[in-house]
There are 2 protein chains.
Amino acid sequence: MTTATRVPRGEARARLIAAARDLVRRKGFAATSVDDLCAAAGVTKGAFFHHFASKEALGVALVDDWTEMTGAMFAAHPYNAKEDPLDRVFAYLDLRREFLGRPLPEFSCVAGTTVQESYETSPAIRAAAERSIRSGFDHVLPHLAEALAAHPVPGVTAESLAQQFQVATQGGIILAKALNDPAPARAAFDHLERYLRLLFDRPAATG
Amino acid sequence: MTTATRVPRGEARARLIAAARDLVRRKGFAATSVDDLCAAAGVTKGAFFHHFASKEALGVALVDDWTEMTGAMFAAHPYNAKEDPLDRVFAYLDLRREFLGRPLPEFSCVAGTTVQESYETSPAIRAAAERSIRSGFDHVLPHLAEALAAHPVPGVTAESLAQQFQVATQGGIILAKALNDPAPARAAFDHLERYLRLLFDRPAATG
DNA sequence: TTGATTGCATACCGATTGGTATGTAAGGTT
DNA sequence: AACCTTACATACCAATCGGTATGCAATCAA
């Protein structure tokens, strides 16, 4: 009655991480209990503590998996193929805006959520979140560096600009959650694009 | 030796909210237990549930108090006295950057932290966070509206621009937590200022 | 075919959780 | 002076928490 079909051997760890991804995005890390995770994954607590030494270890694994997952997704995307580096950046922004059409928990960021709760209490999770945030820089950093090389802007570095993409993403998510509306998150990307067009003297094509 | 001096009658509620403000900023809402709060405030659980019907009710009271506190702080500040509306906005940004010199938990935002955890699980707390975020808009909205009236920018509304201040604030805090460094939060405000100067054709004064 | 290892499930544990029931002292009202 | 209400403190509770000890079936190496 409980578990109609037993979870196949070898899948427990992946299912636990997938369950954590969903639950943590909805309720946060602290509010998600180990029992919650096991129930959602369809496994028992024995499986949990076989794969993870502690709940904190699951948190680290979750964030690292998140880093890898998002990294692979953006790396595989065709926006990287465009000729002009700024076009790649704008295409990346288009992609980010597309995500905002999905339900809120699905465009919420695992790293941003967990680091809010554990930046002081868990050095390991904070470090994992740092890796994740930094990996986000890399999705646009090379393109921005290339664009800046061709069109220098005094006082503006590629690193600092890349950070603004994460600022817009994370800040946009918080506003979307608070106002229960993805529109401000979309507006954050719109303003970032307008900022870049002004910096690089590249007005939007009309028509 | 536990409570050397008894907390004076009438102060329990305020002390509980102050304790919650500190603990929630450090550990998040879910990870902060009622016992934690009572210990930090120097009162007993009887006092807690005398003033608050539940932990969730404390959360709502905390966020509402936060809204009022920050609102009063910014309203009282002399930046509001400047003649030019854009100068008021830039002075506001200076003020925000000043906060970033303090320890991380002290410039962390109560509303942003709590809404991450409870936007799905607690409608009451989410609504309180919405009030708080919206009240943040008001710190710059009239100045931006005035500036836009004198210098219209096609496709840009004062509301949308005001939102970007919260995006930069909240996003900057998350990056500061993840990288354990306030610099990206400061950079977020720097880029926002540069964006505004470009939009309003108001280059920074040199020398 | 055996033995060891891996990948779980079952059952249990002490501590902590949010919350309650009750007592009591102070302050205001009449 | 009697009374009531407010503002707490004390003591307790069932449920849930993260974690452990143990058992066992599947898989692999020899």
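Proteins come first, then strands; the chains are lettered A, B, ... in the order of their sequence lines, and each starts at number 1.
Looking only at distances, no side-chain donor or acceptor of A:Asp65 sits under 3.5 Å from a matching main-chain atom of A:Leu62. Looking only at distances, no side-chain donor or acceptor of A:Ser122 sits under 3.5 Å from a matching main-chain atom of A:Ser118.
Close placement of the A:Tyr195 and B:His191 rings is indicated, their centers lying within 6.0 Å of each other.
Rounding to the nearest 0.5 angstrom, the gap separating the CD1 atom in B:Ile133 from the CD atom in B:Gln166 is 4.5 Å.
A side-chain N or O of B:Arg96 and one of B:Tyr92 form a donor-acceptor pair less than 3.5 Å apart. Counting only N and O atoms by type, the side chains of B:His143 and B:Arg88 include a donor and acceptor under 3.5 Å apart.
No hydrogens or angles were tested; on distance alone, nothing pairs the side chain of A:Arg9 with the base of D:dT27 as donor and acceptor under 3.5 Å.
DNA chain D is contacted by B:His50, B:His51 of residues 49-62 of chain B, taking any non-hydrogen atom closer than 4.0 Å. Residues of residues 23-39 of chain A that place a heavy atom closer than 4.0 Å to DNA chain C do not occur.
The side-chain heavy atoms of A:Asp94 and A:Tyr79, taken from C-beta on, include no pair separated by under 4.5 Å.
Enclosure of atom CD in B:Glu11 by more than 12 non-hydrogen atoms of other residues, nucleotides or ligands within 6.0 angstrom is indicated.
The nearest whole Å value for the distance from the CZ atom in A:Phe48 to the P atom in C:dG7 is 16 Å.
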